[in-house]
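Take a look at the structure below.
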Amino acid sequence: MAVGREDVEILKPRIDKREYRRIVLRNSLQVLLISDLDTDKCAASMNVGVGSFCDPDGLEGLAHFLEHMLFYASEKYPLEDSYSKYITEHGGSTNAFTASEMTNYYFDVNTDCFEEALDRFAQFFIKPLMSADATMREIKAVDSENQKNLLSDAWRMNQLQKHLSLESHPYHKFSTGNWDTLDVRPKAKGVDTRQELLKFYEDKYSANLMHLVVYSKESLDKIQCLVEDKFQEIRNSDRSRFQFPGQPCTSEHLEILVRAVPIKQGHKLRIVWPITPSILHYKEGPCRYLGHLIGHEGEGSLFYVLKKSGWATGLSAGEGEWTSEFSFFNVVIDLTDAGQDNMQDIVGLLFKYIQLLQQSGICKWIFDELSAVCETGFHYQDKISPIDYVVNISSNMQIYPPKDWLVGSLLPSDFNPAIIQKILNELSPENVRIFWESKKFEGLTDKVEPWYGTAYSIEKVSSSKIQAWMSSAPNENLHLPAPNVFIPKDLSIKNAQEEVKFPVLLRKSSYSKLWYKPDTVFSTPKAYVKIDFNCPHAGNSPETEVLGDLFARLLLDYLNEYAYYAQVAGLLYGISHTDSGFEVTLVGYNHKLRILLETIIDKIVKFEVKPDRFSVIKEMEIKDYQNFKFQQPYQQAMYYCSLILKDQTRPWVERLDVLPRLNVEDLTNFAPMMLSQAFLECYIAGNIEREEAESMVQHVEDVFFKGPNPICQPLFPSQFLTNRVVKLERGMNYCYSKEGLNPSDENSALVHYIQVHQDDFILNVKLQLFALVAKQPAFHQLRSVEQLGYITVLMQRNDSGICGVQFIIQSTVKGPAHIDSRVEAFLKMFENKLYEMTNDEFKSNVNALIDMKLEKHKNLREESRFYWREITDGTLKFDRREAEVAALKKLTQQELIEFFNENVKVGATRKKTLSVQVHGNQHLAEYHSQKSEAVQPNTIQINDIFSFRRSQPLYGSFRGGIGHVKL
């Protein structure tokens with residue numbers, strides 16, 4: 001490999017102004033340099049061609065454990081966790097992941113401190129310190145990470161597929177690792193895990209197996225000098241690339257039907273075929289072509305037929321896990337109860353559709369259409385955050401030639417029917433693995449997968465049996481999709497008539513408000529439209545809440561076969577139920593957006609309840625509520641926290657209680673009642689002119705409010721709905737304890753919330769600065785040192801403009817009350833850190849926060865979400881970031897200390913704390929003993945959330961009525 005700069009032409013998007021350069025260092029490290037003069041963040045990602053497939057036998061999870069250990073310290077920077085402290089304090093983030101054939105390490109940081117951050121990062125690949133002391137602690141962190149996955153169906157079913165493969169193939173392995181594989185078993189064999197870890201690193205990590213991406217605002221020449229200076233010293237042992245030839249599935253593992261018992265309610269079919277990896281033919285895109293057709297949802301598609309029969313609620317198709325040696329093509333179907341009873345017909349119909357593809361031949365027009373959609377998508381792709389961008393590219397660098405590092409497999413351009421036909425032929429009955437999941441199999445299985453404990457049984461299913469299923473499957477009119485009318489033809493950029501920095505209130509009537517923000521930044525042919533229907537009759541009881549949700553879900557259901565074409569063409573849409581009605585969102589290419597919007601509005605106006613679809617959607621919704629109890633305990637704790645704080649919110653159990661007795665007639669009566677009064681809050685942004693935006697909203701108004709018999713009436717001033725939040729009492733600690741909803745879950749969780757203030761620029765920045773300064777020390781102390789749990793987070797919280805901070809911790813090792821005491825102990829310890837902070841450190845933290853605030857939006861969707869939040873909260877502070885930067889520049893260190901002493905310090909007279917504790921099955925004794933303990937002074941034990949909420953004062957809402965904003 002030639003060392004130095006290589007002028008390879010790297011294919012990049014048409015609208016991409018960034019500059020790229022490939023270089024190879026003398027140690028054979030391949031690097032892609034990216035110069036982006038507009039960036040507010042720098043980033044880097046190192047992809048190492050060593051993954052879990054390299055785990056030694058008997059040390060499952062060693063590659064993943066190394067990923068955890070590498071970031072602890074290095075010879076040059078020996079202070080433990082100083083790397084993550086530096087990154088966090090300079091506005092950045094850092095993480096890593098382990099895959100089967102690679103491990104990826106990455107970070108981002110504010111631009112002014114990139115050089116030191118990059119040096120710290122490089123040292124992990126030059127001379128890391130993997131101390132004996134950190135080893136035991138980080139094995140616990142890996143075990144905690146695995147504990148949170150044990151009751152996740154996605155992890156369980158993935159491991160079951162691996163388990164039913166060749167034992168000698170690395171695909172068969174358990175890759176996460178746990179206490180057993182990294183401590184107990186090695187010790188029993190006299191194996192020292194740390195020594196094995198060091199040996200693994202020495203033996204396998206080599207510069208020639210690494211690919212680095214560096215993203216900066218400097219010139220390419222400057223970045224090159226920086227990289228050459230920092231990364232030349234990585235050792236190159238000229239290791240040949242690790243290869244794992246052979247197929248994981250032999251004939252023993254094919255033609256099988258596996259019945260498995262999931263954790264959650266619901267039924268799933270996963271039909272899997274081992275295939276030739278499409279990475280070998282990425283320009284021809286065989287799996288993209290076949291996945292597009294088998295996964296299509298338009299009329300005549302497999303999903304359309306299954307949905308019409310009431311058998312399926314979702315279907316996806318495409319390539320699953322793959323390497324350059326093996327791959328799987330997956331079709332995943334979410335079944336209804338009726339679908340569960342007709343599994344054989346469903347599999348028969350799938351093979352009938354594959355037979356249709358065989359008979360139709362490989363169609364050039366379909367490939368060309370798909371290729372055109374992919375080409376537009378690549379050339380007009382939204383800019384994403386540098387950290388995500390570098391990870392995508394460094395992963396690509398291991399796989400593709402340099403010219404395709406940015407594009408990867410995104411551009412199928414070579415039509416080759418023989419290659420597509422080859423993969424299609426592999427989707428045969430002789431080659432299939434069928435995984436069928438349902439709670440109905442409980443007690444009917446005879447085997448258990450060893451790592452996750454999934455109960456399953458297995459039987460052979462011959463190709464002749466599948467042929468019989470095909471013959472007996474119903475005769476449905478399966479056919480190929482129609483040409484896609486939503487593919488945009490006009491990609492021109494419209495000139496904004498005026499330079500508008502913030503959204504403007506373009507029009508206001510008694511029916512609606514329209515906020516408008518033309519694109520003056522991104523120059524893409526895309527638009528963002530949001531219409532929020534505020535309907536006072538939509539959420540005044542558990543029944544109306546559920547009916548509102550059924551209404552929104554049914555609308556999506558009715559639109560699907562038509563609007564799916566828009567989705568394929570890059571025009572996304574959503575209809576979601578809200579606390580006060582429902583909202584319609586469209587985002588994507590603007591050319592055909594109006595057509596889709598008018599179709600959606602027409603469907604709302606002509607809404608009728610189809611009994612067969614109602615029963616399917618109702619069944620889905622019941623299962624969703626029943627599955628709430630299988631959420632992670634920390635998610636349950638966050639839910640209770642919201643329920644306590646947010647007025648007018650209702651618990652899911654009430655909705656589940658009323659749902660079974662609601663019928664078609666209830667929804668038929670509810671829909672016109674809900675729509676009988678409404679106010680529309682609209683936001684239109686992007687490549688749309690002012691007149692177009694006004695005309696869109698005028699059209700919607702005309703449909704709903706005008707004409708001889710209008711569907712809708714405007715709201716009375718008293719009917720405007722607001723979001724209000726409970727105002728906790730100063731100097732008080734509130735505690736809410738609950739058993740975890742899943743009795744099998746060992747994890748407990750704590751949300752320790754400190755409520756501070758209602759939106760105010762000066763208080764906001766004090767709170768944000770505290771959160772920035774405390775975030776990494778909290779993680780270091782509570783996770784790295786005390787090992788309370790893998791999920792350990794300190795973050796800000798904002799409920800409709802009411803601001804605070806929260807610690808979120810999930811643990812199997814300690815109960816929530818103990819964790820709560822450790823949070824308080826941390827805050828006491830942090831006091832001293834805050835008091836001892838030097839003036840230079842304070843200024844550095846302030847500057848880091850300023851840089852974070854001045855970070856530009858990457859794309860239209862990100863910008864629109866920011867402004868829409870201001871609109872829905874009612875704060876309307878569109879210049880928030882500039883105003884908060886101005887407040888930060890005036891902030892003194894003494895003011896920050898006073899803020900901490902008044903609002904956050906343990907025992908502060910103004911402090912308002914809410915501790916939400918969810919007890920897993922390991923900590924139920926603590927839960928029951930808490931009940932009989934005397935309540936501490938200044939502490940209120942919340943027993944009934946709704947009695948508590950009714951007794952508390954509320955913050956005023958920022959959301960006024962129609963007169964809230966003057967034109």
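Computed from a predicted model, the values in this text were never measured in an experiment. If you read the sequence from its start, that first residue is 1, and numbering goes on from there.
- Listed by chain and number, the residues in a ring pair (Phe, Tyr, Trp, His ring centres under 6.0 Å) with Tyr753 amount to none (sequence neighbours excluded).
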**OP:** Check the pair Ser915, Leu750 against side-chain contact (heavy atoms from CB on, under 4.5 Å), reporting the backbone distance first and the verdict last.
**Re:** CA-CA 7 Å; Ser915 170; Leu750 168 77; 3.4 Å; yes
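- Electrostatic pairing of Glu863 and Lys858 does not count as a salt bridge here, judged by no charged N lying under 4.0 Å from a carboxylate O.
- Identified under the salt bridge (charged side-chain N to carboxylate O under 4.0 Å, His left out) test for residues 870-886, with sequence neighbours left out: Lys501-Glu882, Asp759-Lys877, Asp759-Arg880, Lys853-Glu884, Arg869-Asp873, Glu870-Arg880, Arg880-Glu884.
- Take Phe533 and apply the ring pair (Phe, Tyr, Trp, His ring centres under 6.0 Å) test, not counting sequence neighbours, and it matches Phe582, Phe704.
- Within 6.0 Å of CG on Asp579 lie no more than 12 heavy atoms contributed by other residues, nucleotides or ligands.
- Of the charged side-chain nitrogens involved, at least one lies within less than 4.0 Å of a carboxylate oxygen, so that Arg959 and Glu681 count as a salt-bridged pair.
- For the side chain to side chain donor-acceptor pair (under 3.5 Å) test, residues two or more places apart in sequence or in another chain that qualify with Asn534 are Ser580.
- For Glu19, there are no side chain to side chain donor-acceptor pair (under 3.5 Å) partners two or more places apart in sequence or in a different chain.
- Using a cut-off of 4.0 Å between Lys/Arg side-chain N and Asp/Glu carboxylate O, Glu694 and Arg690 are scored as not salt-bridged.
- With no hydrogens or angles considered, no side-chain donor-acceptor pair links Asp799 and Ser642 at under 3.5 Å.
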Original post:
Going through the checks in order, is the side-chain contact (heavy atoms from CB on, under 4.5 Å) test met by Val773 and Glu89?
Top reply: CA-CA 6 Å; Val773 175; Glu89 287 179 353; 5.6 Å; no
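- Salt bridge absent: Glu824 and Lys828 never bring a charged side-chain N and a carboxylate O closer than 4.0 Å.
- The neighbour count for Glu115 CD, taken as heavy atoms of other residues, nucleotides or ligands under 6.0 Å away, does not exceed 12.
- Lys383 and Asp36 are joined by a salt bridge, as a carboxylate oxygen and a charged side-chain nitrogen come within less than 4.0 angstrom of each other.
- Counting heavy-atom neighbours within 6.0 Å of Ile762 CD1, excluding the residue itself, gives a total of 12 or less.
- Between Phe107 and Phe114, the ring-plane angle classifies as tilted under the 30° and 60° cut-offs.
- Aromatic rings of Phe770 and Phe830 (six-membered ring for Trp) have centroids within the 6.0 Å cut-off, being under it.
- For the pair Lys905 and Phe900, the cation does not sit on the ring face, since its NZ or CZ is not both under 6.0 Å from the ring centre and inside 45° of the axis.
- Aromatic ring centroids of Trp515 and Phe502 lie 6.0 Å or more apart.
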Can you list, pair by pair, the side-chain donor-acceptor contacts under 3.5 Å of residues 774-782, counting residues two or more places apart and other chains?
unit_1 : atom_1 : unit_2 : atom_2 : d
Gln776 : NE2    : Ser84  : OG     : 3.1
His780 : ND1    : Asp81  : OD2    : 2.7
Gln781 : NE2    : Glu786 : OE2    : 2.8

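- The main-chain N or O of Leu772 is never found under 3.5 Å from a side-chain atom of Gln796 such that the two would form a donor-acceptor pair.
- A perpendicular orientation is assigned to the rings of Phe121 and Phe231, their planes being inclined by more than 60° (bins at 30° and 60°).
- Although no hydrogens or angles enter the test, the distance criterion places a donor-acceptor pair under 3.5 Å between the side chain of Arg724 and the main chain of Tyr955.
- Inspection of the Asn590 and Lys526 side chains reveals no N or O donor paired with an N or O acceptor under 3.5 Å.
- Relative orientation of the Phe124 and Tyr83 rings is perpendicular, given thresholds of 30° and 60° on the angle between their planes.
- Under 4.0 Å is where a charged nitrogen must lie from a carboxylate oxygen, and between Lys856 and Asp40 at least one such pair does.
- The number of heavy atoms from other shown groups lying within 6.0 Å of NZ (Lys85) does not exceed 12.
- Between Glu895 and Lys766, none of the side-chain N atoms (NZ, or NE/NH1/NH2) sits under 4.0 Å from a carboxylate O, so this pair counts as no salt bridge.
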**OP:** Apply side-chain hydrogen bond (donor to acceptor under 3.5 Å, both in side chains) to the pair Asp112 and His90, showing each step before the final yes or no.
**Re:** CA-CA 9 Å; Asp112 58 348; His90 293 90; over 6 Å; no
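- Contact check on Asp119 versus Lys76 returns a salt bridge, with a Lys/Arg side-chain nitrogen under 4.0 Å from an Asp/Glu carboxylate oxygen.
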